[in-house]
Every structure is written in C-alpha cells, then in structure tokens.
Asker: 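I have a structure I would like to understand better, so I am pasting it below and will then ask my questions one at a time.
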Amino acid sequence: MREKEAILVRALGPEGEGWGECVAAQEPRYSAEWNDGAWLVLRDHLAPAALAGHASGVRGHPMARTALDVALLDLRLRAEGRSLAEELGAIRDRVPSGVSLGLEGSLDDLLAEVEQAVGARYRRVKLKIEPGRDLDVVRTVRETFPDLPLSVDANAAYTPADLDHLTRLDAFGLAYIEQPLPEDDLLGHASLQERIQTPVCLDESITSPTRAMEAIRADACRIINVKVGRVGGLDPSRAIHDIAVAEGVPLWCGGMLETGIGRAVNLAVAAMPGFTLPGDTSASERYFPQDLTEPFVLDPDGTMPVPRGPGIGVDPDPERLAEATVDRTTIRSG
Ligand code: MG
C-alpha cells in the first residue's frame with residue numbers, strides 16, 4: 001500500500017491536545033464501517049455528545065467511537081504526564097512483530113516477500129488464503145521455510161461446507177488458522193476446532209467482551225486477535241484481555257494499516273501481559289513511503305519499541321499532516 005485515507009480525531013482542551021485514529025477503510029468491504037459514515041457519526045453524534053458531557057446513545061460504529069475515545073484519553077494522559085502503556089498495565093517495552101502478506105501477486109512474488117520478511121527478522125509470517133488459493137500456497141511456503149512461524153488468515157472466505165478441506169491445513173505446522181468462516185458463525189468455528197489440530201484464531205467474530213466469552217466457552221477459538229477499533233475502544237479491549245487471560249487463551253494485536261497514530265496505540269495494547277503472540281504491527285515502511293508520525297522501525301531482533309512518552313507517545317508531524325489533509329471540520333462546545 002502506498003496511500004490510505006484515514007480520519008484522525010484531534011481533541012483540544014485547555015490542558016492541551018490528544019489524537020485518535022479511526023481504522024475504518026474507504027469502502028465498507030472488510031467491515032461494515034467506512035470513512036464517510038464514520039465522518040458523519042463523529043461530526044453529528046459522537047463529538048457533540050462528548051462535548052456536551054453526555055452519552056451519545058449511538059449504536060454500532062465501534063471504529064468511530066474508538067477514534068474519539070482514544071483522542072480524549074490521550075488528551076487526559078498527556079496532561080497527567082502518563083503513557084498509554086502505563087495506563088493499560090503494559091509489562092513489555094518492546095513487542096514482537098509479525099507481517100501479514102496479501103493475496104496479490106504470483107507465488108514467486110509471495111516467496112520473495114516471505115524471504116524479505118524473514119531477512120528483516122519478523123517473528124511470524126501470516127499468509128492470506130481463500131478458496132482456490134490455499135493448500136498449494138501454504139505447502140510451497142512451508143517447504144521453502146520449514147522452521148518459519150507461519151499462520152494463515154482467510155478473512156471469513158470459507159463456508160461450513162469447507163471444513164474437511166480446511167483440516168488439510170494441519171499438515172503444515174501452522175501457529176493458527178484465522179477467521180476461516182463468516183463472523184457470525186461461532187458454532188461453525190467450534191465444529192472446525194473439533195476436527196482440526198491447528199488452533200482456530202478469531203478476528204472479525206470478536207466484536208465485544210461478551211462475544212469473546214461466548215467464543216471461548218464454545219471452543220470456537222483457542223487464540224484471539226484483538227483490534228481496538230473493531231471492539232469499540234480500549235475499555236472493551238482490556239475486558240477481552242482479562243477474559244482471555246482468565247481462560248488461558250493467548251492474544252495478539254491485529255493491525256488495520258494504521259498511520260503512526262493508530263500504530264502507537266497497537267504497540268501499547270500489545271505490551272499488555274496477555275498479548276503473548278507476535279502481532280501485525282509492522283514497520284511504517286511496509287505501508288507508507290512517509291508516515292504521519294516519526295516512522296516506526298523494526299529492530300534487528302524483530303521487535304518494535306512501545307512508545308513511552310505521555311499519552312500515545314507520538315505526534316503527527318504538522319507539515320506532513322497539513323500536506324496530507326484533504327478535509328477537516330471543527331466541532332465546538334456550546
Ligand atoms: Mg484477520
């Protein structure tokens with residue numbers, strides 16, 4: 001990816017400013033939320049309610065709500081001189097990074113990308129799969145890189161009719177198979193987990209702490225990918241963390257191609273005790289020729305440092321931000 005449209009929320013108060021990023025995309029394809037909708041719900045509902053000091057009553061729109069919540073929390077933490085990592089009870093100052101490789105391009109291109117990720121010392125490589133592009137691809141990568149920590153992510157591309165086919169992935173020593181079935185199909189995932197040795201990891205299905213508990217109790221997953229925007233903010237992320245730790249389910253922190261603002265939040269989340277698997281928070285250079293913040297760089301041991309400054313610990317570069325801004329609106333109290 002070379003370019004992305006993102007909504008940033010800047011919260012301004014007498015004590016300073018705070019930043020949050022909405023991780024929705026330009027089109028409602030990966031998730032139901034999308035930027036034009038998020039813009040309206042932030043402008044007309046969420047921000048006015050926050051300024052008036054009452055609950056918005058808005059249903060849904062977790063990514064938009066997260067952007068505002070993070071901006072308000074960042075404002076408060078900066079004023080208090082405390083970091084988000086500290087606020088979340090983080091126990092690591094660096095977190096292991098993985099990469100997620102897409103479906104575009106040929107198998108040779110993919111092998112070259114895996115080679116590059118291995119060379120950069122990423123701790124885990126995740127391959128996107130879909131019907132018709134799965135077993136052969138995974139077999140080839142596995143044969144070329146026998147010891148590589150490897151996982152697959154189907155982004156809900158399969159149906160319950162594919163369960164037998166999916167069990168053939170057991171041959172490749174995968175760390176997990178992520179979200180093979182549609183997001184509302186917890187029982188389908190439980191049926192798969194019953195038949196497959198490879199742990200099932202849920203991503204899109206985990207929309208709330210309640211849902212996480214249901215998934216764990218149904219044995220629909222043995223690993224959870226937390227995305228702060230998908231679950232509606234840091235409080236629900238923390239609740240899911242606590243449930244998973246109590247139930248013995250390992251977590252990792254997913255990515256949504258964030259700018260440095262969202263990336264900083266992901267690193268703080270991934271530093272919490274229950275996040276024991278490498279996340280998808282890769283270096284900025286994998287996504288953008290120039291990030292909005294100081295670029296996040298992968299260290300030679302395959303980890304990234306958790307920002308330790310006040311709040312989220314990073315700021316957008318004012319010039320870079322001005323250059324990249326295509327629209328803005330201000331919502332004032334009163
Ligand atoms: Mg995923």
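First listed ligand is number 1; within each ligand, the first listed atom is number 1.
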Asker: Going by side-chain contact (heavy atoms from CB on, under 4.5 Å), Val70 matches just one of Leu234, Leu75, Val9. Which one?
Answerer: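 So the option named by the test is Leu234.
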Asker: Quick one: do the Asn225 and Glu178 side chains pair a donor with an acceptor below 3.5 Å?
Answerer: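 Indeed, the side chains of Asn225 and Glu178 share at least one donor-acceptor pair under 3.5 Å.
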Asker: Take the Mg ion (ligand 1) and tell me which protein N, O or S atoms are nearer than 2.8 Å.
Answerer: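 You should have found Asp153 OD2, Glu178 OE2, Asp203 OD2.
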Asker: For the CZ atom on Arg217, are there more than 12 heavy atoms of other groups (residues, nucleotides or ligands in this structure) within a distance under 6.0 Å?
Answerer: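 Open: at most 12 neighbouring heavy atoms sit under 6.0 Å from CZ of Arg217.
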Asker: Pick out which of Lys227, Lys128, Arg124 makes a salt bridge (charged side-chain N to carboxylate O under 4.0 Å, His left out) with Asp280.
Answerer: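 Single pass found, and it is Arg124.
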Asker: Assess the side chains of Glu17 and Trp19: does a donor N or O sit below 3.5 Å from an acceptor N or O?
Answerer: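 Their side chains do contain a donor-acceptor pair, which is all the 3.5 Å distance test asks for.
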Asker: Any chance CZ of Arg121 has more than 12 other-residue heavy atoms, nucleotides or ligands included, within less than 6.0 Å?
Answerer: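 Counting other residues, nucleotides and ligands, CZ of Arg121 stays at 12 neighbours or fewer.
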